[in-house]
Amino acid sequence: MKESSALPACPVETTLMLIGDKWKVLIVRELLGGTKRFGELQRGVGHVSQKVLTQQLRAMEADGLVHREVFAEVPPRVEYSLTELGRSLAPVMDALRTWGEGFKARRRA
């Protein structure tokens, strides 16, 4: 995770720095439903390449939002889940969902 001296003064900017990318928000959405393997995440997130998904997961792991667990099996199994910090984004995601639903309802009206 970035040191506090490297974080922006504005809390909104800090939040956007951590999850402002389209893919990161969708990763959080998927992992709020529980632990997932890479392939499950890739299908749930949508049209994201393997390379980009890997990069985003690594960044989120470095920021303390995602936990990566590797199982010593053949073939190797890797599972991703949200950390306690990552799960604390649930109200943010709920607010985004509510706002999006309201926006779509207005567009249909």
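Quick note: residue numbers are just sequence positions, from 1. Heavy-atom basis, side chains included; hydrogens, waters and symmetry copies ignored.
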Quick check: does any side chain N or O of [X] sit under 3.5 Å from a backbone N or O of [Y], one acting as donor and the other as acceptor?
| X | Y | answer |
| --- | --- | --- |
| Thr35 | Glu79 | no |
| Gln42 | Val48 | yes |
| Ser88 | Leu85 | yes |
| Glu30 | Ile27 | no |
| Arg97 | Val92 | no |
| Thr83 | Leu65 | yes |
| Asp21 | Trp23 | yes |

Mind checking the CD-CG spacing from Gln56 to Leu53? Nearest 0.5 Å is all I need.
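Those atoms lie 8.0 Å apart.
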Quick one: pull up CZ in Arg108 and CZ in Phe103 and give me the separation to the nearest 0.5 Å.
11.0 Å
Do the side chains of [Y] and [X] get nearer than 4.5 Å, heavy atoms only?
| X | Y | value |
| --- | --- | --- |
| Val78 | Phe71 | no |
| Leu82 | His67 | no |
| Arg58 | Gln55 | no |

If Ile, Leu, Val, Met, Phe, Trp and Tyr residues are connected whenever their side-chain heavy atoms lie under 4.5 Å apart, and connections chain through other members, are [X] and [Y] in the same group?
| X | Y | result |
| --- | --- | --- |
| Leu16 | Val28 | no |
| Val12 | Ile19 | no |
| Val70 | Phe38 | yes |

Give me the atom names and distance for the closest heavy-atom approach of [X] to [Y].
| X | Y | result |
| --- | --- | --- |
| Leu7 | Met17 | CD2-CE, 3.2 Å |
| Tyr80 | Leu31 | O-CD2, 3.4 Å |
| Lys36 | Leu41 | CB-CG, 3.9 Å |
| Pro8 | Glu13 | CB-CD, 3.5 Å |

More than 12 heavy atoms from other groups under 6.0 Å of CD on Glu73
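It does: Glu73 CD has more than 12 such atoms within range.
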Report the C-alpha distance between Lys24 and Leu18 in whole Å, list the side-chain angles of each, state the deciding distance to 0.1 Å, and finish with yes or no for side-chain contact (heavy atoms from CB on, under 4.5 Å).
CA-CA 8 Å; Lys24 288 181 180 177; Leu18 293 170; over 6 Å; no
